[in-house]
Peer 1: 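One structure coming up, written as structure tokens, with questions to follow.
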Amino acid sequence: MKKQALLFLFLFSTAMLPAQMTNRQESMRLLADGDVQMRFGNWEQALFLFTNAIATDISNADAFAKRAILYEKLGRTQEALADYNQAIRINPLAAAMYDRRSRIRLIAADYKGAIDDISQAINLNPDDMKLREVRTVDWLVSGFYEKAINEIDSLLLKNPDEEQLLLKKAMASLLAGEGNQCREIIRQVLRKNPSSSVAYDLEGMVWMQEKNYPAAIRSFSRALEINSEFALAYFNRSQAYRLNGNADKARSDLDSAIKISHDISNIYFSRALLRKETGDYNGAMQDYNVALDFDSSYAEALYNRAFLKKFLGNYTGALNDIDRLLAQQPGAAANWNMRGNINLLFDNIPMALADYSKAIELDPDFAEAYYNRGLAYQMQTRLMLSCQDLQKSMQLGYKPALVLITSFCDH
């Protein structure tokens, strides 16, 4: 009986093998076709082919990984994360997949998850120095500057003159508030390589941190003299021009940055802010739209677009944006306060009150939310509750509350 069972399993496995091999081969063919479409920028067709490759062989980890990379390019981070999760479940020993997933987790602000992933990648491939360099970036983005510096120092022991590592250490020092240490590292780099545009860009950022905007502009300009295609230096110099009161030059630099790197959402977002400040509301709306086309989860762009839509009278559009934002950031008090303002414009006072109360629950010292809830109570002629909120708002330092208290509560 046992022999019959073994024979049955052998015959069953043998019978299944050709079909399984055919499925894998067809899946790999679809992946290769998808790669070609992706190289030519035919992303919709590439997505179709990658999805078919997965349907053909659900155990093909590479198919999930390639579709995840495409989802990244499309700004569909949650779908990318789901595909990386599946790829890692199928092949938990692939260091490259942990590396890629760590970047998605960084975008999603899951800093612990990102660091855990890159650390696992390093465990699987301990001799890969590039992975350790990636972990320094994860430490930096996560705010663990000392850990980043320690990691960089350990890498510098093997290669003490590695320029990229020194520049990363300079950035870590800058973020840690150690401007003098950052300057010293920059000098060290420039002694060996006087044409390092990145070093001058970092020097400009040190001056920015110290609010010396003319000096920052000089450093960024030097970086651009060395490398006229340095989009980040244009972007950084635009911030210095803007803070130094020169909106025209700031706008020109942002335009230049976009010509060089036309798919970076941060640049469009900054230009939108500048356009809004100078009264170009339609231009600002266009830039917010482009920023969100490149990164649909860009929280600051969603919030500011909602604010601008509200300002321009598009209350429905503003409410849609803030609801999208709340789906991403349900714990942000400012988002609830904004939705309360929009609901108040719709004359939906009960909903506005609920929103303001949620904002206050999340941030008990949110002076503006108390003020806004006080206004909403006033619109319902609930004057005692209104005055309590206005008094609280004033105690927290919100000066507009004093006018209403004087008018409605001091008698």
Peer 1: Rounded to the nearest 0.5 Å, what separates atom OG in S238 from atom CG in N246?
Peer 2: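 The distance works out to 11.0 Å.
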
Peer 1: Report yes or no: do S270 and R242 form a side-chain donor-acceptor pair below 3.5 Å?
Peer 2: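 Per modelled atom types, S270 and R242 side chains form no pair under 3.5 Å.
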
Peer 1: Nearest 0.5 angstrom please: L292 CG to L302 CG, how far?
Peer 2: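 Between L292 CG and L302 CG, I get 4.5 Å after rounding to 0.5 Å.
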
Peer 1: Checking E184 against R191 for the salt bridge (charged side-chain N to carboxylate O under 4.0 Å, His left out) test, could you report, in this order, the C-alpha distance in whole Å, the side-chain angles of both residues, the deciding distance, and whether it holds?
Peer 2: CA-CA 11 Å; E184 182 52 44; R191 279 195 295 270; 3.8 Å; yes

Peer 1: With side chain to side chain contact (heavy atoms under 4.5 Å, CB included) as the test, would you mind laying out the steps for M208 and L243 before giving the verdict?
Peer 2: CA-CA 9 Å; M208 288 284 285; L243 292 167; 3.9 Å; yes

Peer 1: Give the minimum heavy-atom separation between D138 and A114, together with the two atoms involved.
Peer 2: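 Scanning both residues, the minimum pair turns out to be OD2-O, 3.4 Å.
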
Peer 1: Can you tell if the side chain of L402 reaches within under 4.5 Å of the side chain of P400, non-hydrogen atoms only?
Peer 2: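 Of all side-chain heavy-atom pairs linking P400 with L402, none is under 4.5 Å.
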
Peer 1: Minimum heavy-atom separation for L131 and I118, please, with both atom names.
Peer 2: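 For L131 and I118, the tightest heavy-atom pair comes out as O-CG1, 3.7 Å.
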
Peer 1: So, for Y370 and S393, which heavy atoms are closest and what is the spacing to 0.1 Å?
Peer 2: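 Looks like CB-CB, 3.9 Å.
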
Peer 1: Report the C-alpha distance between E203 and R222 in whole Å, list the side-chain angles of each, state the deciding distance to 0.1 Å, and finish with yes or no for salt bridge (charged side-chain N to carboxylate O under 4.0 Å, His left out).
Peer 2: CA-CA 10 Å; E203 183 182 66; R222 180 70 182 116; over 6 Å; no

Peer 1: Using 0.5 Å steps for rounding, measure from the CG atom of D253 to the CZ atom of F220.
Peer 2: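 One finds 10.0 Å between CG of D253 and CZ of F220.
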
Peer 1: Is there a side-chain contact between L353 and R382 in this structure, where contact means two heavy atoms from C-beta onward sitting under 4.5 Å apart?
Peer 2: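 Yes, their side chains come closer than 4.5 Å.
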
Peer 1: Between R237 and G204 (side chain of the first, backbone of the second, donor and acceptor by atom type, cut-off under 3.5 Å), is there such a pair?
Peer 2: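 Side chain of R237 to backbone of G204: no pair is present.
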
Peer 1: Which heavy atom of E163 sits nearest to which heavy atom of V189, and what is that distance?
Peer 2: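 Heavy atoms only, the tightest pair is CG-CG1, 3.8 Å.
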
Peer 1: Is there a donor in the side chain of R183 and an acceptor in the side chain of S173, or the other way round, less than 3.5 Å apart?
Peer 2: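 S173 and R183 do not have a side-chain donor-acceptor pair below 3.5 Å.
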
Peer 1: Ring-plane angle category for Y298 and F269, please: parallel below 30°, perpendicular beyond 60°, tilted otherwise.
Peer 2: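 Y298 vs F269 ring planes: tilted.
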
Peer 1: Search all heavy atoms of L390 against all heavy atoms of Y371 and return the closest pair with its distance.
Peer 2: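 Distance-wise, the nearest heavy atoms are CD2-CD1, 3.7 Å.
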
Peer 1: Under a 3.5 Å threshold, yes or no: a donor from one side chain and an acceptor from the other, between Y356 and N341?
Peer 2: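 Side-chain D/A pair, Y356 to N341: present.
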
Peer 1: Verify, without hydrogens or angle tests, whether R339 (side chain) and D355 (backbone) share a donor-acceptor contact under 3.5 angstrom.
Peer 2: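 No, the answer is negative, given that no donor and acceptor are paired below the 3.5 Å cut-off.
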
Peer 1: Do you know which of R103, R105, R100, R101 makes salt bridge (Lys or Arg N to Asp or Glu O under 4.0 Å) with E72?
Peer 2: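 Only match with E72 under salt bridge (Lys or Arg N to Asp or Glu O under 4.0 Å): R100.
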
Peer 1: Salt-bridged, R39 to D35, with N to O below 4.0 Å?
Peer 2: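 A salt bridge is absent here (no side-chain N lies under 4.0 Å from a carboxylate O).
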
Peer 1: R251 and T278: side chain to side chain donor-acceptor pair (under 3.5 Å), yes or no, with the steps?
Peer 2: CA-CA 10 Å; R251 168 66 186 273; T278 55; over 6 Å; no

Peer 1: Is it true that a side-chain atom of S197 and a backbone atom of A223 form a donor plus acceptor pair closer than 3.5 Å?
Peer 2: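 It does not hold such a pair.
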
Peer 1: Is the closest side-chain heavy-atom distance between K147 and R135 below 4.5 Å?
Peer 2: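 Of all side-chain heavy-atom pairs linking R135 with K147, none is under 4.5 Å.
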
Peer 1: Does the T56 side chain pair with the main chain of N52, one donor and one acceptor, at a distance under 3.5 Å?
Peer 2: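 Pair found, side chain donor or acceptor close to backbone of N52.
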
Peer 1: Write down the atom of R373, the atom of S357, and the distance for their closest heavy-atom approach.
Peer 2: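 It is NH1-OG, 3.1 Å.
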
Peer 1: What distance separates R275 CZ from L254 CG, expressed to the nearest 0.5 Å?
Peer 2: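 Reported value, rounded in 0.5 Å steps: 10.0 Å.
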
Peer 1: May I have the step-by-step check of side chain to side chain donor-acceptor pair (under 3.5 Å) for T316 and N314, ending in yes or no?
Peer 2: CA-CA 6 Å; T316 300; N314 181 4; 5.2 Å; no

Peer 1: Could you tell me if the side chain of L167 sits less than 4.5 Å from the side chain of S196, heavy atoms only?
Peer 2: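 The answer is yes, as the side chains (C-beta and beyond) meet within the 4.5 Å cut-off.
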
Peer 1: With rounding to the nearest 0.5 Å, note down the distance linking CD1 in I152 to CG in N150.
Peer 2: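 The CD1 atom of I152 sits 9.5 Å away from the CG atom of N150.
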
Peer 1: Using atom types as modelled and distance alone, determine if a side-chain donor or acceptor of S252 lies under 3.5 Å from a backbone N or O of D248.
Peer 2: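 No, S252 side chain to D248 backbone: no donor-acceptor pair under 3.5 Å.
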
Peer 1: Any non-hydrogen side-chain atom of Q181 less than 4.5 Å from a side-chain atom of K169?
Peer 2: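 Heavy-atom side-chain distance check passes, below 4.5 Å.
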
Peer 1: Decide yes or no on side chain to side chain donor-acceptor pair (under 3.5 Å) for N289 and R305, but give the supporting numbers first.
Peer 2: CA-CA 8 Å; N289 291 341; R305 188 173 72 174; 2.8 Å; yes

Peer 1: Please check if the number of heavy atoms outside Y145 that lie under 6.0 Å from its OH is greater than 12.
Peer 2: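 Yes.
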
Peer 1: If you define the side chain from C-beta out and look only at heavy atoms, does anything of D323 sit under 4.5 Å from L319?
Peer 2: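 SC-SC contact between D323 and L319 confirmed.
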
Peer 1: If you apply the rule side chain to side chain donor-acceptor pair (under 3.5 Å), what do you find for Q86 with R89, and how did you get there?
Peer 2: CA-CA 5 Å; Q86 186 61 24; R89 275 194 287 270; 2.9 Å; yes

Peer 1: Salt-bridge test for K112 and D116: reply yes if a basic N is under 4.0 Å from a carboxylate O, no otherwise.
Peer 2: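 Salt bridge between K112 and D116, a charged N being under 4.0 Å from a carboxylate O: yes.
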
Peer 1: Is the backbone of M351 close enough, under 3.5 Å, to the side chain of N348 for a donor and an acceptor to pair up by distance?
Peer 2: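 Between the backbone of M351 and the side chain of N348 there is a qualifying donor-acceptor contact (under 3.5 Å).
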
Peer 1: Are the side chain of N372 and the backbone N or O of E368 linked by a donor-acceptor pair below 3.5 Å?
Peer 2: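 Answer holds: yes.
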
Peer 1: Find the distance between CG (L93) and CG (N123) and round it off to the nearest 0.5 Å.
Peer 2: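 It comes to 12.0 Å.
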
Peer 1: Begin with the C-alpha distance, continue with both residues' side-chain angles, and end with the deciding distance and a verdict on salt bridge (charged side-chain N to carboxylate O under 4.0 Å, His left out) for D83 and K66.
Peer 2: CA-CA 9 Å; D83 273 359; K66 286 181 181 291; over 6 Å; no

Peer 1: Between I342 and M338, does the side chain to side chain contact (heavy atoms under 4.5 Å, CB included) criterion hold? Intermediate values first, please.
Peer 2: CA-CA 6 Å; I342 297 167; M338 169 76 84; 4.0 Å; yes

Peer 1: Spell out, as yes or no, whether a donor-acceptor pair under 3.5 Å connects the side chain of Y268 to the backbone of H262.
Peer 2: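 Side chain of Y268 to backbone of H262: a pair is present.
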
Peer 1: In plain terms, say whether D33 and R29 are close enough for a salt bridge, that is, a side-chain N and a carboxylate O under 4.0 Å apart.
Peer 2: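 A salt bridge is present here (some side-chain N lies under 4.0 Å from a carboxylate O).
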
Peer 1: Check I115, D110, D117 against S102 for a side chain to side chain contact (heavy atoms under 4.5 Å, CB included) and give me the one that passes.
Peer 2: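 Going through the options one by one, the only one that passes is D117.
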
Peer 1: Report the C-alpha distance between I54 and N60 in whole Å, list the side-chain angles of each, state the deciding distance to 0.1 Å, and finish with yes or no for side chain to side chain contact (heavy atoms under 4.5 Å, CB included).
Peer 2: CA-CA 7 Å; I54 290 168; N60 189 342; over 6 Å; no

Peer 1: Does the side chain of Y377 reach to within under 4.5 Å of the side chain of L383, using non-hydrogen atoms?
Peer 2: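 A side-chain contact under 4.5 Å is absent here.
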
Peer 1: Take W336 and Q329 through the test side chain to side chain contact (heavy atoms under 4.5 Å, CB included) and record every step on the way to the result.
Peer 2: CA-CA 10 Å; W336 292 98; Q329 298 180 330; over 6 Å; no

Peer 1: Under a 4.5 Å cut-off applied to non-hydrogen side-chain atoms, are D62 and M97 in contact?
Peer 2: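 Result yes, sub-4.5 Å side-chain heavy-atom pair found.
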
